[in-house]
Amino acid sequence: MTSQQLIISGVGGQGILFVTRILAEAAIVRGLPVLTSETHGMAQRGGIVISHFKVGDFSSPLVCPGRADGLISLKHETVALHRHFLKPDGWTVANGPPGSLSGISALMDADQLALGLGNPQSVNLIMLGRVLAIPGLLFCTADEVEEAIRIKLSAKPAALEGAFAAFRTGLQHH
Amino acid sequence: MAASSKMLMQGNEAMARGLIEGGCVVAASYPGTPASELLTAVDAWRTAEDLDMHVEWAVNEKVAFEIAYAACQSGLRAATIMKQVGLNVALDPMMSAAYLGVIGGFVIISADDPGPHSSQTEQDSRLTAMLAKIPVLDPSNPEEARMLAGLAFEISEEFQVPVMLRPTTRVCHACQDVALLPVARLGRRAEFRKDPRRWAATPGFRYELHVQLIDKLARLAAHPPTAPRRLNPHVVSRTAVIASGVAAAHAREALAGLDLWNAPAFFQVIQPYPLHKAFIEEINSVYSDVLVLEETSGVIEMQLGNRNLVRGKISGFVPEAGELLPETIGRLLSEFAGQQPAEIPAAEPGSRRRPTLCPGCPHRASFYAVKKAAPAGIYTSDIGCYTLGINLGAVDTVLCMGASIGQACGFYHAHRITGVERDIIATIGDSTFFHAGVPPLIDAVTQGARFVLLILDNTTTAMTGNQPTPAQGTAAGKPVRIEDLVLGCGAGFCRTADPLEMPSFTALLKEALVWSRANGVAVVIAKSPCLVDRSVKHLRRAQVMVETAKCTGCQACTKQFECPALIYDHGTGKVHVDVMTCTGCAVCLDVCPVRAITSGGGA
Ligand code: SF4
Ligand code: SF4
């Protein structure tokens with residue numbers, strides 16, 4: 001069975017829960033069992049927020065240090081905090097200004113792109129697009145993620161359009 | 001809603017589904033992390049399934065409990081939902097309801113927070129269930145939590161006893177693909193049958209009820225549907241691992257990963273209290289070495305009762321404080337099996353970002369004004385987002401819901417009788433004031449305590465996700481005004497103002513202090529909406545700018561005022577505005593001593 005463990009992190013208010021749930025919906029679109037763990041409460045007020053994501057045959061909702069296949073960081077400072085979750089050949093894709101990190105799979109200034117889109121809240125989906133722009137990193141395809149976004153936002157056409165715009169911005173960025 | 005399709009559900013949504021599938025028609029709760037999303041989800045399922053239900057955010061957990069309990073006394077299935085410290089508030093009715101028992105099924109969901117992540121304590125609700133002598137079920141994942149919510153109704157009705165369902169943060173806030181089952185539409189009508197010897201029992205009858213309760217527990221400890229489950233029945237061994245809750249989910253994965261799936265016998269306990277009697281006997285007779293993995297206290301371990309055999313929390317083998325993370329469980333299992341534990345990569349030491357009030361949060365303005373008005377004052381505070389006023393140095397104490405007022409009274413009297421004069425400002429949120437602030441305010445008025453009570457009124461329960469407060473009223477009822485409550489308690493000073501108008505707000509606080517020193521408790525209501533409350537329209541305000549030439553780099557705005565949208569650049573020695581997060585509240589204009597911050601950047 002397909003199996004993947006991910007850590008998605010950033011700070012409160014960046015929409016980490018939302019991208020985690022999009023990925024979980026994409027797993028369900030694929031018919032795969034999924035388990036995630038979210039941060040709620042006090043830490044959501046600007047503190048460090050972390051989601052654990054596991055697709056495949058698992059029973060625990062948490063990723064053990066040294067076991068994650070990938071780390072998606074919506075704020076480059078969290079890479080240092082959460083890198084220990086990665087297995088030795090794990091990948092990292094992070095949001096940060098040029099030069100803020102080195103030696104990772106991809107670094108992108110999603111804050112600037114989000115401001116360019118007139119939507120500072122869209123960093124999360126831009127980054128998800130950026131991960132999918134690198135073939136073979138994620139268990140799912142860009143089409144499946146778009147399907148998941150459609151499922152989640154079907155009742156909100158304006159938000160859906162903005163979400164697609166953000167996701168595709170990341171997807172087309174190299 | 002189609003049955004049997006798989007849906008992504010958060011643990012809280014799954015438990016809500018379980019309640020609905022089990023025929024719950026009354027649900028009452030007070031929000032608290034990690035249980036906050038549960039009642040909202042019950043209401044969403046009610047709408048989706050078009051059910052006649054009463055679903056309410058009650059004023060506090062005690063009231064929530066009593067409302068749901070009366071429904072079950074009337075023969076209906078009902079649930080009350082809270083976090084573990086909320087259960088402390090509801091303990092009074094729970095202790096008594098255990099004796100009286102139920103007619104319709106009655107489920108108490110009390111969510112624990114080992115860690116703790118967002119709580120004052122790590123207390124184990126299973127111990128509270130034991131104290132009250134009610135059975136408790138301990139789910140290991142969202143799917144199981146959904147299933148156990150339904151089972152809880154069945155055993156509650158069969159044994160006529162309230163049943164607790166105790167999830168933890170990692171169950172409440174896990175998401176999983178969960179299948180839907182059909183909703184039980186029981187079609188019952190409320191019918192309260194008078195039985196004062198039971199429902200209003202005097203102490204003499206209470207003794208009999210206690211005897212009956214003990215008998216119910218003995219029968220529950222032999223009830224097959226909730227008996228411990230053997231997860232690897234093929235294994236014959238003299239050693240055993242017993243786990244419950246999410247620790248069982250972690251252990252299952254860890255045992256497989258460590259190649260131990262075929263070694264110790266592995267049991268999952270579903271009902272930690274009362275622990276099944278036959279199981280206790282089996283463990284004590286068949287096994288020579290036993291490891292118990294459970295959160296947060298040694299509830300199962302205690303009931304096994306054999307210190308020479310069992311390793312766990314009480315024996316000291318398993319850490320007593322903090323969350324049992326999967327890596328910890330992996331290490332404990334290795335040690336138990338006599339393996340060398342694997343090296344676990346550790347987090348790099350580094351600066352952890354602390355939580356802070358949102359940029360533009362009106363509480364920040366209130367706290368800044370508090371410091372200006374009473375620089376040497378005692379600042380008692382309370383439970384909510386505004387606990388983060390600690391970052392501004394404007395929160396000295398946080399004890400429990402409502403204690404800001406009770407402690408302010410206590411500090412006043414303690415200083416008064418020893419001849420010390422000290423300004424005291426208590427800060428409390430609107431929802432917390434409704435929850436537990438009214439009795440201590442009555443006490444303050446009655447006893448002549450002199451302090452300023454600042455009610456931070458954003459007309460929502462912000463911390464837990466913007467649940468409504470009594471000030472919003474409901475379709476069937478009407479709003480309760482904080483001002484009316486304050487005046488009804490007899491406070492002689494009650495004024496309302498917007499803290500974002502900082503200079504005039506600070507002046508009002510000073511006036512209140514002067515009044516309180518001579519007269520008694522003075523109440524100021526700081527009224528301004530929470531920025532993340534989607535139920536109110538927010539103005540889109542122009543972001544501010546820092547005139548770099550004027551900025552002296554004094555850092556008053558970043559250190560004293562602590563807005564996270566203001567960033568001090570160590571390179572240039574100046575402050576700039578983070579355009580990703582500034583909300584344009586413009587309060588910082590009045591904070592900057594040289595007025596280097598101006599409004600009118602990009603919208
Ligand atoms: S959620 Fe609301 S009350 Fe809480 S810090 Fe943010 S703005 Fe303030
Ligand atoms: S206007 Fe000033 S205080 Fe308000 S959010 Fe922006 S930087 Fe912070």
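Letters A, B, ... are given to chains in the order of the sequence lines, protein chains preceding strands, and every chain is numbered from 1. As the structure is a prediction and not an experimental result, all values here were calculated from the model.
- B/Pro326 touches chain A through backbone and side chain together, each having a heavy atom under 4.5 Å away.
- A donor-acceptor pair under 3.5 Å is absent between the side-chain atoms of B/Gln176 and the main chain of A/Leu35, judged by distance alone.
- Contacts of B/Cys172 with chain A are absent, with no heavy-atom separation under 4.5 Å from either backbone or side chain.
- A distance of 8.5 Å separates OG1 in B/Thr33 from NE2 in A/His40, rounded to the nearest 0.5 Å.
- Under the 4.5 Å side-chain criterion, counting only non-hydrogen atoms from C-beta, A/Lys75 is in contact with B/Arg353.
- Counting heavy atoms from C-beta outward, A/Gln14 and B/Met580 have side chains that stay 4.5 Å or more apart.
- Note that OG of A/Ser37 and CZ of B/Arg170 are 4.0 Å apart. Values are rounded to the nearest 0.5 Å.
- For a residue to count as touching a neighbouring chain, one of its non-hydrogen atoms must lie under 4.5 Å from one of that chain's; by this rule B/Val171 does not touch chain A.
- When heavy atoms are compared at a cutoff of 4.5 Å, B/Glu144 does not approach chain A at all.
- Under the 3.5 Å distance criterion, the side-chain polar atoms of B/Glu253 are left unmatched by any main-chain donor or acceptor of A/Phe58.
- Contact of B/Glu37 with chain A is made through the side chain alone, with heavy-atom distances under 4.5 Å.
- Without hydrogens or angle criteria, B/Ser118 side chain to A/Met42 main chain gives a donor-acceptor distance under 3.5 Å.
- Taking CG from B/Leu8 and NZ from A/Lys152, the interatomic distance works out to 6.5 Å, rounded to the nearest 0.5 Å.
- Annotation for B/Leu325 and A/Leu62: closest pair CD2-CD1, 3.9 Å, computed over non-hydrogen atoms.
- Remark: B/Cys175 SG to A/Glu25 CD distance equals 9.0 Å, nearest 0.5 Å.
- Interface residue B/Arg354: only backbone heavy atoms are found under 4.5 Å from chain A.
- With no hydrogens or angles considered, no side-chain donor-acceptor pair links A/Arg45 and B/Thr356 at under 3.5 Å.
- Within the 3.5 Å criterion, the main-chain N or O of A/Val34 finds a donor-acceptor partner in the side chain of B/Asp177.
- For B/Thr387, the part sitting under 4.5 Å from any heavy atom of chain A is the side chain, from C-beta outward, and nothing else.
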